[in-house]
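Quick notes on the structure that follows.
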Amino acid sequence: MKYDFFKIEKKWQKYWLENKTFKADNNSVKPKYYVLDMFPYPSGSGLHVGHPLGYIASDIVSRFKRSKGFNVLHPMGFDSFGLPAEQYAVKTGQHPKKTTEENVARFKDQLDKLGLSFDWDREIKTSDIGYYRWTQWIFLKLFNSYYDHRLKKAQPIEKLKIPKNLNEKEIESFIDSRRLAYVDTIDVNWCEELGTVLANEEVVGGLSERGGFPVIKRPMKQWVMRITDYADRLLDDLSELDWPEPIKLSQKNWIGKSVGAEIKFYIDNNFIEVFTTRPDTIFGATYLVLAPEHPLINQITTDEYRKSISEYVEQASKKSDLERQENEKNKTGVFTGSFALNPISNEKIPVWISDYVLFSYGTGAIMAVPAHDERDNEFAKKFDLKIIKVIDGGNKDECYTGNGSLINCGKYNGIDNIKFKSIVIEELESKNKGTKTTNYKLRDWIFTRQRYWGEPIPIIYDGNKKKALEFGDLPLELPEVESYLPTNDGLSPLARNNDWVNISINGKNYLRETNTMPQWAGSCWYFLRFIDPDNNNEFANKDLIKYWMPVDLYIGGAEHAVLHLLYARFWHKVLFDLDYVSTTEPFKKLVNQGMILGNSAFAHRIKNTNDFISFDMIKDEKTQKIHVDVSFVDEKNRLNIERLKQKNPEFNDVNFIKGESFYVSRDIEKMSKSRYNVISPDDICKRYGADTLRMYEMFLGPIEQSKPWNTAGISGVFSFLNKFWNLFHRNEEFYVSDDQPSDEVLKIYHKTVKKVANDIDKFSFNTCISSLMICVNELKSQNCKSKKILEPLLILISPFAPHLSEELWELMGNKKSISAEPFPEHDERYLVESSYDYPISFNGKRRFNKKFNLDLNEKEIEKEILLDDQTKKYLTDNSIKKIIIIKKKIINIVF
RNA sequence: GCCUUGGUGGCGGAAUUGGUAGACGCGCUGGAUUCAAAAUCCAGUUCUUUCGGGAGUGUGGGUUCGAUUCCCACCCAAGGUACCA
């Protein structure tokens, strides 16, 4: 019988679906294991071979954990609200819901062909009304909560203590100022030509990414999430997470906590408050700088300088953030004419304004210490301001940012600068001229989008007064609109539906909030809904949450290192504080899969001509590289010109200069449609089968690493699976024997069991497959057909090649699915060997050179092996210590 | 600039974390089978060599009986970040 992967895979995919083989049990005595993939946005272009990398890895872990006796939850869903479907709707008028549904169907179809062991009964889509109802519910929870800084947790808004003597309006604005979801007027990117608000990523150099139209900052009312209240907890709790260090680090940097002081510098009766992390350098503060947006500028500018200041302020307001950044090397600024009093040294120092100081960070003003800060140093040198060195160290004229003892600090000279930090803060606090403070880079999260295809915000307005919808009013369904474009006033498309916007409750008229939530909202809590997806009374049952959470393994791309993972952690902590979930963190272990890169092909066109020249013939010609579809190029980089012309008619009148063949050059790039280098998993499945694809993707290299796709190598894995299949056959017939396996075979078998179990735990799937290959080659050369070996070997390989193993499992006469089988145990005996040249004694009696066999377990070996006296004679004490360390590591398992 | 990760054959990548570098796979070479091809199987494959060896894990040092692995300096590549005081 030939290995007919097509028939086998179809059969078992159908079987798993019909029998719900991978249904996760909500009532189980087994230990639980929750494996989660970052759910995809169902884009129109379908999957390429890079997408399934993470899904295959998580599937292997799921299947492995099942065979290790865990109750595994491995769900999948779709992050189905989002921009592309909406843009497509704007272009074609087609409802995003329809596009989304089509794309989801296509994604599911493609995923199913890979034999992934999802529990599809738990599928969710963030755009389903039964789902976003609860997203809205969580929004209301945030709206109706505040952060209690004393208890360090969120509390229901009813518990908020309201100061006395406030009138009704003041009470309301006080409550609003504490809500975790609140409205604020914020500068957004507004593009007049496109009539829409753009995200920061959509603005390039002050122009819109699409069209290249000017973009201006414009204040608009936005919903904002008070994530900054959670900054400390989001930072501190990182330490308990088993996440890749770079991801933790980028979250840490994003939160950007810095401890320092706010210091008042008086100008007559006015004062300017600055933030600094280096209060110890206050004696070196020779001038102040305010951001151009600083509100005090008008008051402190003297008449003499008023003109130049207002010119500078106006210029700065026109600059985009990007333009400001470009000036990093060439700082600009203007003197205000005022002088401020240094509260410690009592020196009068000039006050400048400059756009190198950001209004949005700290107090929007700094004390400049040019001797010990690079930026201040640059500015001072350019405008010829005083530079006073107050910490000893570094070269004479260089800016020194390190530590040392104080100089030029009057009575404090000689003190260590780190000690001086607390001294100076104490002194400032006693004079009421400064306090110790902490600042964060993290900003509150702008939560609204002027879009159609997102969750409507369940808030209504009575004039400016906000009213939250009640639980019974949910879900607030997304209304139909005539056009998916934002209105000319920059309002969301929802504002186009007047019948929906104007509502009347008990005879009173209200207006609805027309903005929608950002795409992040749905992905902030989807892992909770998977636990109890059909619950109509709660977002998920509390006992079930307690059983399943936290997510034990979360696999996804590193592009979500900051935003998604930070937002999800934030919501989870709020839900924890309000007692809806049982863990402070949602994701215990995180693994980032690398990207699979495409191997692009380029034809070379001679510049300014329509002549294409074969890559091997290029000598001095200047050429341009043009992408050509990789499916028209063979392994030897020869281009099939006829097929290219058929598919891309623009090549019809091209003159191809070539020898026997036309050669292209190759380069590794990201996989994308526009680079014509996309390899679809469907094609690979058709030619080699899903099992081969799964194994090959894992065999390519470490899961975290980005690596180029190369279809040529897949034949190795394919022939391995064929060999494996043939192990179970003789003369084209299925055959296994009842023979006792030989010692040789047992040795390699036990070694493989141990290695596979270890390597899956370490996510080292490529080495796992290598050892399986070695094992199969060995069994083949030993001609081993023993059922005693082949049966457990099937269980070993089943996470990698599930269809093939199910088929062989059935041929062996088993009735149940192989996925229910326990993972085999392995025997351990040890061969101890040392590559070190000195003899080692065992039990104080026998001496060995280099190698000896022992029938011991690991612990016994550590205890029993000692160096004998004769050996010690040759060695120093230091070397003996080292040998004792070595002896632990020379243990080799063989059986 | 800063941070992070990495640099090993023609290629993807191993090396039990300090102990025979190059496992496993691709490719390539030779052979068997075949009328032939595909497929399959066997052998070889880091470089160099006067066939004794010699060199070799980005470069240069260091620690060690022993370094791909640890330490120092530098070079290169990829990703992230950007005047955060």
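All chains are named by letter (A, B, ...) in the order of the sequence lines, taking the proteins before the strands, and each is independently numbered beginning at 1. Heavy atoms only: backbone and side chains are in, while hydrogens, waters and symmetry mates are out.
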> Whom does B:G60 pair with, Watson-Crick or G-U wobble, provided both distances fall under 3.5 Å?
Replying inline: B:C72
> Atom NE2 of A:His294 and atom P of B:A85: how far apart are they, to the nearest Å?
Replying inline: 17 Å
>> Before we go on, tell me: are the rings of A:Phe265 and A:Phe271 under 6.0 Å apart, centre to centre?
In response: no
>> Rounded to whole Å, how long is the line connecting atom CD1 of A:Ile774 with atom P of B:A14?
In response: 14 Å
>> Starting the side chain at C-beta, find the nucleotide from B:U4, B:A14, B:C41 nearest to A:Lys780.
In response: B:C41
> Pick one for B:G60: is it syn, with its angle within 90° of 0, or anti?
Replying inline: anti
>> Just to be sure I understand the rule, does A:Lys707 reach a base, reach only the sugar-phosphate, or reach nothing, if contact means heavy atoms closer than 4.0 Å?
In response: sugar-phosphate
> Any side-chain donor-acceptor pair under 3.5 Å between A:Lys381 and A:Asn377?
Replying inline: yes
>> Can you tell me which nucleotide in B:A85, B:C83, B:G27 comes closest to the side chain of A:Tyr356?
In response: B:C83
> For B:U5, what is the paired nucleotide under Watson-Crick or G-U wobble rules, both distances under 3.5 Å?
Replying inline: B:A77
> Given the P atoms of B:C2 and B:C83, what is the spacing between them in whole Å?
Replying inline: 16 Å
> Checking all strands, does A:Asn777 fall into the base, sugar-phosphate, or nothing category for heavy-atom contacts under 4.0 angstrom?
Replying inline: sugar-phosphate
>> Whether the A:Thr692 and A:Tyr3 side chains hold a donor-acceptor pair (N or O, under 3.5 Å, no angle test) is what I'd like checked.
In response: no
>> Could you go through A:Arg278 and A:Asp280, starting from their C-alpha distance and side-chain angles, then the distance that decides it, and tell me whether this counts as salt bridge (Lys or Arg N to Asp or Glu O under 4.0 Å)?
In response: CA-CA 5 Å; A:Arg278 299 292 305 271; A:Asp280 50 312; 3.2 Å; yes
> For the pair made of CD in A:Glu559 and C1' in B:U5, what is the distance, rounded to whole Å?
Replying inline: 17 Å
> What's the closest nucleotide to the A:Thr767 side chain, out of B:C26, B:G13, B:A14?
Replying inline: B:A14
> Just checking A:Ser360: base, sugar-phosphate only, or nothing, at a heavy-atom cut-off of under 4.0 Å?
Replying inline: nothing
> Do you see a donor-acceptor pair shorter than 3.5 Å between the side chains of A:Asn253 and A:Lys441?
Replying inline: no
>> Students often get this wrong, so: under 4.0 angstrom with heavy atoms, is A:Ser250 touching a base, only sugar-phosphate, or nothing?
In response: nothing
>> Measure CZ/A:Phe724 against P/B:C24 and give the value in whole Å, please.
In response: 19 Å
>> Using whole Å, what does the distance between atom C1' of nucleotide B:G13 and atom CD1 of A:Ile703 come to?
In response: 14 Å
> For A:Trp352, does the CH2 atom have more than 12 heavy-atom neighbours from other residues, nucleotides or ligands under 6.0 Å away?
Replying inline: yes
> Side-chain N or O of A:Asn722 less than 4.0 angstrom from OP1 or OP2 on B:A39?
Replying inline: no
> Can B:U17 be described as syn, meaning its chi torsion is within 90° of 0, or is it anti?
Replying inline: syn
> For A:Tyr361 and B:A85, what is the distance between atoms OH and P respectively, to the nearest whole Å?
Replying inline: 4 Å
>> If you only use heavy atoms from C-beta on, which nucleotide in B:U4, B:A85, B:C26 is closest to the side chain of A:Ala712?
In response: B:C26
> Expressed in angstrom and rounded to an integer, what is the separation of A:Asn377 atom CG from B:A85 atom C1'?
Replying inline: 14 Å
> Is B:G9 in the syn range, within 90° of 0, or in the anti range?
Replying inline: syn
> Hey, does A:Lys257 reach any base, or is it just sugar-phosphate, or nothing, if we go heavy atoms under 4.0 Å?
Replying inline: nothing
> Can you tell me the Watson-Crick or wobble partner of B:U40, both distances under 3.5 angstrom?
Replying inline: B:A32
>> Between B:G25 and B:A15, how many Å separate the two P atoms, rounded to a whole number?
In response: 16 Å
> Taking only N and O in the side chain of A:Asn766, is any of them less than 4.0 Å away from OP1 or OP2 of B:G12?
Replying inline: no
> Taking the side chain of A:Pro702 as heavy atoms from C-beta outward, which of B:G13, B:A85, B:A23 is closest to it?
Replying inline: B:G13
> For B:A55, which nucleotide is its Watson-Crick or G-U wobble mate, given both distances must be under 3.5 Å?
Replying inline: B:U46
> Picking from B:A85, B:C24, B:G12, which would you name as closest to the side chain of A:Met773?
Replying inline: B:C24
>> For a quick check of understanding: with a heavy-atom distance under 4.0 Å over all strands, which category does A:Ser771 fall into, base, sugar-phosphate or nothing?
In response: nothing
>> Can you see if the side chain of A:Gln705 gets near the phosphate of B:G13 - specifically, an N or O under 4.0 Å from OP1 or OP2?
In response: yes
> Choosing from B:A23, B:C83, B:C41, which nucleotide comes nearest the side chain of A:Leu358?
Replying inline: B:C83
> Does atom CZ of A:Arg687 have more than 12 heavy-atom neighbours, drawn from other residues, nucleotides or ligands, at distances under 6.0 Å?
Replying inline: no
